[in-house]
Amino acid sequence: MNHATGPRAADVETRYRAEFALGEHSVRHLRRILRLYLKGSGLLEVVDAAELALSELLANVIRHVPGRRCGICFLLLPGVVRVEVFDRCPRLPVAAVAEAFADGGRGLLLVEAVTDRWGVAPCPTGGGKTVWFECALSPGVRPAPRP
């Protein structure tokens, strides 16, 4: 049986960035990476919301971005955890009103519901965008310090 062990708090950087071509199991693996990153930072209070929001942003990449290529960035900022998903598709996401029995169309509504802020930033040079969200930390909660 395989075990995934998380990083020690001393090993966690304030920024994690990687690029991927998403496949069948990518969302599950990236959720696990985010969970380990936040757990290693002592930020369990935002794990569930951040995992759900990340899943929705990655589902949008799978559904709407040609080639399913994207990058992710996890940032530990004062008072918040920020997660960014960037791709080279110029089409901006729009929070849609889904039909009652539709199979999709609620992803950004979920992101809005479980995070404290979210938004979209078009790439300044064109040809892409970054969709991001932030989960606020409780007052006094800080990422685990590095030695």
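Everything numeric in this text was worked out from a predicted model, so none of it was measured.
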*Asks:* With sequence neighbours excluded, what pairs up with Phe133 under the ring pair (Phe, Tyr, Trp, His ring centres under 6.0 Å) test?
*Replies:*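 Counting only residues at least two positions away or on another chain, Phe133 forms no ring pair (Phe, Tyr, Trp, His ring centres under 6.0 Å).
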
*Asks:* Considering all heavy atoms of both residues, which atom of Trp132 and which atom of Val120 are nearest to each other, and what is their separation?
*Replies:*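 For Trp132 and Val120, the tightest heavy-atom pair comes out as NE1-N, 3.8 Å.
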
*Asks:* Are any of the side-chain heavy atoms of Val83 and Ile72 separated by less than 4.5 Å?
*Replies:*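 Sidechains of Ile72 and Val83: no contact.
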
*Asks:* Would you say Val131 and Val61 make side-chain contact, with heavy atoms under 4.5 Å?
*Replies:*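 No; the side chains remain at least 4.5 Å from each other.
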
*Asks:* Consider only side-chain heavy atoms of I, L, V, M, F, W and Y, link residues closer than 4.5 Å, and tell whether Val85 and Tyr16 are in one cluster.
*Replies:*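 Result: yes, single cluster for both.
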
*Asks:* Considering all heavy atoms of both residues, which atom of Thr115 and which atom of Ala53 are nearest to each other, and what is their separation?
*Replies:*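 Closest approach of Thr115 to Ala53: CG2-CB, 3.7 Å.
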
*Asks:* Given the rule in the side-chain contact (heavy atoms from CB on, under 4.5 Å) test, do Ile62 and Val27 qualify, once you have shown the distances and angles that lead to the verdict?
*Replies:* CA-CA 9 Å; Ile62 291 169; Val27 173; 3.8 Å; yes

*Asks:* Heavy atoms only: give me the nearest Ser138-Glu45 pair and the separation to one decimal.
*Replies:*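 Nearest pair, atom of Ser138 first, then Glu45: OG-OE1, 2.8 Å.
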
*Asks:* Pick one: which of Leu57, Leu58, Leu30 meets side chain to side chain contact (heavy atoms under 4.5 Å, CB included) with Cys70?
*Replies:*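 So, applying the side chain to side chain contact (heavy atoms under 4.5 Å, CB included) to Cys70 and each of Leu57, Leu58, Leu30, only Leu58 qualifies.
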
*Asks:* Given side-chain contact (heavy atoms from CB on, under 4.5 Å), test Leu44 with Lys39 step by step and report yes or no.
*Replies:* CA-CA 5 Å; Leu44 285 176; Lys39 182 179 178 185; 3.9 Å; yes

*Asks:* Holding to salt bridge (charged side-chain N to carboxylate O under 4.0 Å, His left out), I want the full list of residues that pass it with Arg35, two or more places apart in sequence or in another chain.
*Replies:*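 By the salt bridge (charged side-chain N to carboxylate O under 4.0 Å, His left out) rule, Arg35 matches Asp48, Glu51.
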
*Asks:* Tell me, please, which residues at least two apart from Glu84 pass salt bridge (charged side-chain N to carboxylate O under 4.0 Å, His left out).
*Replies:*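 Per chain and number, Glu84 pairs via salt bridge (charged side-chain N to carboxylate O under 4.0 Å, His left out) with Arg82.
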
*Asks:* In this structure, which one of Val47, Leu137, Leu75 forms a side chain to side chain contact (heavy atoms under 4.5 Å, CB included) with Val81?
*Replies:*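 So the option named by the test is Leu137.
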
*Asks:* Which pair of heavy atoms, one from Cys89 and one from Pro66, lies closest together, and at what distance?
*Replies:*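 Of all heavy-atom pairs spanning Cys89 and Pro66, the closest is SG-CD, 4.2 Å.
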
*Asks:* Hey, what's the ring geometry for Phe74 with Tyr37, parallel, tilted or perpendicular (30° and 60° as the breaks)?
*Replies:*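 Aromatic pair Phe74/Tyr37 classed tilted.
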
*Asks:* Quick check for you: to the nearest 0.5 Å, what is the distance between Leu77 atom CG and Thr14 atom OG1?
*Replies:*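 OG1 of Thr14 is found 8.0 Å from CG of Leu77.
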
*Asks:* Flag the pair Asp87 and Lys129 as a salt bridge only when some basic side-chain nitrogen lies within less than 4.0 angstrom of an acidic carboxylate oxygen.
*Replies:*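 Result for this pair is yes, salt bridge flagged.
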
*Asks:* Is Trp118 reachable from Leu110 through a run of hydrophobic residues whose side-chain heavy atoms are each under 4.5 Å from the next?
*Replies:*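 The answer is no; the residues belong to distinct hydrophobic clusters.
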
*Asks:* Can you see which heavy atom on Ala21 is nearest to which on Gly67, and at what distance?
*Replies:*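 Ala21 and Gly67 have their closest heavy atoms at CB-O, 4.4 Å.
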
*Asks:* Indicate the atoms forming the closest heavy-atom contact of Val46 with Ala136, along with that distance.
*Replies:*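 Where Val46 meets Ala136 most closely, the heavy atoms are CG1-O, 3.6 Å.
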
*Asks:* To the nearest 0.5 Å, how far apart are CG in Leu43 and CZ in Arg142?
*Replies:*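 Reported to 0.5 Å precision, the distance equals 12.0 Å.
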
*Asks:* Do you reckon Leu38 sits in the same ILVMFWY cluster as Val141, going by side-chain contacts under 4.5 Å, direct or chained?
*Replies:*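 Looking at the clustering, Val141 is in the same group as Leu38.
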
*Asks:* If you group Ile, Leu, Val, Met, Phe, Trp and Tyr by side-chain heavy-atom gaps below 4.5 Å, do Leu92 and Val111 land in one group?
*Replies:*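 Both belong to a single hydrophobic cluster.
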
*Asks:* Please report the interatomic distance CZ(Arg63) to CZ(Arg68), rounded to the nearest 0.5 Å.
*Replies:*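 Atom-to-atom, Arg63:CZ and Arg68:CZ are 10.5 Å apart.
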
